[in-house]
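Remarks on the structure that follows.
These numbers were taken from a predicted model, which means no experiment stands behind them. Numbering of ligands and ligand atoms starts at 1, following listing order.
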Amino acid sequence: MATHHGECFCGAVKIEVSGDPEGMGYCHCRSCRSWSGGPVNAFSLWKPDAVRVTAGSDQLAMYQKTPVSQRQYCKTCGGHVMTNHPPLGLIDVFAATIPTLDFKPGVHVNYGETVLPIKDGLPKFKDFPKEFGGSGEMASE
Ligand SMILES: [Zn+2]
Ligand SMILES: [Zn+2]
């Protein structure tokens with residue numbers, strides 16, 4: 001089983017993910033942009049038992065604005081580590097957090113809010129797929 005190691009910007013918080021992600025892609029929503037300071041969030045989704053904090057759990061803080069997202073970051077450096085999505089039963093470990101992951105995006109979500117159109121031919125949901133509580137509507141590139 002593949003294992004990937006990741007850490008926050010300063011290295012105080014270390015995590016490990018094992019196996020294969022449940023899905024990978026890009027989120028264009030305003031919340032991701034505002035929190036990350038970037039135009040898109042490259043996500044990889046994992047079952048909670050595939051994700052382990054191996055060091056610095058006392059440094060891992062959480063900010064929750066909505067019931068859907070528990071955004072976890074390092075108290076020391078402010079670096080973003082991952083976002084837990086309790087209603088989905090999945091954790092988004094940011095692709096940038098685990099550099100050895102072979103990032104193969106399969107989908108774009110919240111493309112209706114994009115500020116950085118990406119013409120890569122991948123399916124683009126206006127918001128979320130139906131199974132994730134969205135409209136399931138597609139958007140054009
Ligand atoms: Zn840190
Ligand atoms: Zn988002």
Metal-centred angle, the Zn ion (ligand 2) as apex - SG of C27, SG of C32, 10° resolution: 120°
C77 atom SG and C10 atom SG as seen from the Zn ion (ligand 1), angle to 10 degrees: 110°
Parallel, tilted or perpendicular: which one describes the rings of F94 and W35, with boundaries at 30° and 60°? tilted
Test side-chain hydrogen bond (donor to acceptor under 3.5 Å, both in side chains) applied to T3 and E16, step by step: CA-CA 7 Å; T3 300; E16 189 181 281; 5.2 Å; no
Is the Zn ion (ligand 2) less than 2.8 Å from an N/O/S atom of H28, whether that atom is in the backbone or a side chain? no
Are any of the side-chain heavy atoms of F128 and L88 separated by less than 4.5 Å? no
Within the structure provided, determine whether L101 and M24 are in side-chain contact (heavy-atom separation under 4.5 Å). yes
